[in-house]
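Some notes on the structure that comes next.
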Amino acid sequence: MARPIWNGTLSFGLLNIPVALMPGERRIDLHFRMLDSRDKAPVRYERVNADTGEEVPWKDIVKAFEFSKGNYVVLEPDDIRDAAPQSKESVDVEAFIDASAIGPAYFEKPYVLVPGKKAEKGYVLLRETLRDAGKIGLARVVIRTREYLCAVMPQGDALMLILLRYPQELIDVQDYRIPEGKLSDYRISRQEMDMASQLIASMEADWKPDQYKDEFRQRLSDVIKKRMKANKVSHRPDDELEDAAVPENAATNVVDFMSLLKQSLATNKRTPPKAANSGSAKGSDSAAGKTSKKASAKSAGKAAQGKAKTASSKTASSKTAGKAAKSTGTASKATKAATKKSAGSSGSGSRKRAASNKKAA
């Protein structure tokens, strides 16, 4: 199983559904390396100075924009960092539109939204509501360092997230020579239209994606396998990918969905900014206020109990410190007495030895 791009939330109104953003496509292109035909050594790409031909290390490379031929404006790392969107792991739905409103040219890349642990209720609720209404969610999402426009739509039992192209990324068809006008302008007869319609009807079929394969890739793969078998080359199996961990954030585990839906309708909020939670709490009914008062009273009581425990622990620690000080004083007195005694005994012994030496002399 593939790894998640990120673990975050799918937000609409005041509801937040923990999800994992998973890849929705698999690249099956065959990648080739360039080798030196003389010794079959790989050929490297090197970063060289166009004027001197010397290799340029990464630390000396900067990014620049070429605004005209041979003229550049250098961008500092802080410039790019400041322009990048604020990274947040969330899909913020801004509006719900008809499923047929977006043309096929806008769709770019698919992803799969996988519900987090114990987040299935909100996931299924959104999926089935979109299906029944024939709507899709128009949202924004930040992936790595870029913000994308995206569509959230049901597909089978899953919620798909499709990245969309911005209008400025599309070429206006009016920029090309597109034939316009009536059929008669191009001498198309009614009989030709009928024959074309019959031909299309005869070729009608159900969409079965499993029937279509990349035949060029298959033929090329067969050639590679034959060459490997002829040269007796053992192939290395693909590295196994770790199982994608679904977020264990159970934030929607005990959520009152009916209450959140009512609040979303009342406040008419399309995107749930995190800072707006306090405002929505102020606009809630008196029951919410009572709940907050009870919660604050409980927290105050807990704080008072904590202070009392802290005070008692301080008293106990002071008593313990006093006892330790007394025992330390007693031990130091005993140590001093033992030192004096040992010093006296050593002094008397030395005097006796000196007297005996005098007598012997």
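From a predicted model like this one, the values you see are computed outputs, not experimental measurements. Side chains included, hydrogens not; waters and symmetry mates left out as well; all remaining heavy atoms used.
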Point to revise | Rounded distance [0.5 Å steps], CG in L164 versus CZ in R140 | key: 10.5 Å
Review point. Do I171 and Y176 come within less than 4.5 Å of each other through their side chains, counting heavy atoms only?
Key: yes
Point to revise | Salt-bridge contact R38-D36 (side-chain N to carboxylate O under 4.0 Å) | key: yes
Review point. Side chains of L10 and N16: closer than 4.5 Å at any heavy-atom pair?
Key: no
Check your understanding: Can you tell me how far the CE atom of M195 sits from the CZ atom of R190, to the nearest 0.5 Å?
Key -> 13.0 Å
Check your understanding: With hydrophobic residues grouped by side-chain heavy-atom distances under 4.5 Å, do L125 and V91 end up in a single group?
Key -> yes
Point to revise | Option passing side chain to side chain contact (heavy atoms under 4.5 Å, CB included) with V152 (candidates I136, L113, V19) | key: L113
Practice item. Evaluate whether atom OH of Y186 has more than 12 neighbouring non-hydrogen atoms of other residues, nucleotides or ligands under 6.0 angstrom away. Key: yes
Practice item. Please list, chain by chain and in numerical order, all residues satisfying side chain to side chain contact (heavy atoms under 4.5 Å, CB included) with E215, sequence neighbours excluded. Key: R219
Review point. What's the verdict on side chain to side chain contact (heavy atoms under 4.5 Å, CB included) for V141 and S90, showing C-alpha distance, side-chain angles and the deciding distance?
Key: CA-CA 6 Å; V141 61; S90 64; over 6 Å; no
Point to revise | Any L170 side-chain heavy atom under 4.5 Å of P167 side chain | key: no
Review point. Any side-chain heavy-atom pair from Y111 and I5 closer than 4.5 angstrom?
Key: yes
Exercise for review: Answer yes or no: does atom CH2 of W58 have more than 12 heavy-atom neighbours from other residues, nucleotides or ligands under 6.0 Å?
Suggested key: no
**Study point:** side-chain hydrogen bond (donor to acceptor under 3.5 Å, both in side chains) partners for D222, two or more places apart
**Key:** Q218
**Study point:** Nearest heavy atoms of G137 and F96, plus distance in Å
**Key:** CA-CD2, 3.7 Å
**Study point:** Main-chain N/O of S68 paired with N71 side-chain donor or acceptor, under 3.5 Å
**Key:** no
Check your understanding: More than 12 heavy atoms of other residues, nucleotides or ligands under 6.0 Å from CD of Q155: is that the case?
Key -> no
Practice item. Look at the side chain of R127 and the backbone N and O of A158, then say whether any donor-acceptor pair between them is shorter than 3.5 Å. Key: no
Point to revise | Greater than 12 external heavy atoms within 6.0 Å of Q191's CD | key: no
Point to revise | Over 12 non-hydrogen atoms of neighbours within 6.0 angstrom of CZ in F67 | key: yes
Exercise for review: Drop me the distance from S100's OG to K135's NZ, to the nearest 0.5 angstrom.
Suggested key: 9.0 Å
Exercise for review: Report, as yes or no, whether the 6.0 Å neighbourhood of atom CD on E54 holds more than 12 heavy atoms from other residues, nucleotides or ligands.
Suggested key: no
**Study point:** Closest contact, heavy atoms only, A20 versus N7
**Key:** CB-OD1, 3.3 Å
Check your understanding: Roughly how far, to the nearest 0.5 Å, is the CD1 atom of I102 from the CZ atom of F107?
Key -> 5.0 Å
Practice item. Check the pair V112, M160 against side chain to side chain contact (heavy atoms under 4.5 Å, CB included), reporting the backbone distance first and the verdict last. Key: CA-CA 5 Å; V112 181; M160 300 292 296; 3.8 Å; yes
Check your understanding: Donor-acceptor pair, D79 side chain versus E76 backbone, under 3.5 Å?
Key -> yes
Review point. Has the side chain of Y166 got a donor or acceptor atom that lies under 3.5 Å from a matching backbone atom of Y106?
Key: no
Check your understanding: Counting distance only, does the side-chain N/O of E192 pair as donor-acceptor with the main-chain N or O of S189 below 3.5 Å?
Key -> yes
Study note, to complete from the structure: d(D157 CG, Y123 OH) to nearest 0.5 Å is 8.5 Å
**Study point:** Flag side-chain contact, heavy atom, 4.5 Å: M153 against I162
**Key:** yes
Check your understanding: Counting heavy atoms not belonging to I61, are there more than 12 under 6.0 Å from its CD1?
Key -> yes
**Study point:** Spacing of D92 atom CG and L138 atom CG [to the nearest 0.5 Å]
**Key:** 12.0 Å
Practice item. Indicate the atoms forming the closest heavy-atom contact of I17 with G122, along with that distance. Key: CD1-O, 3.2 Å
Point to revise | Worked verdict on S202 versus Q198 for side chain to side chain donor-acceptor pair (under 3.5 Å) | key: CA-CA 6 Å; S202 66; Q198 293 178 14; over 6 Å; no
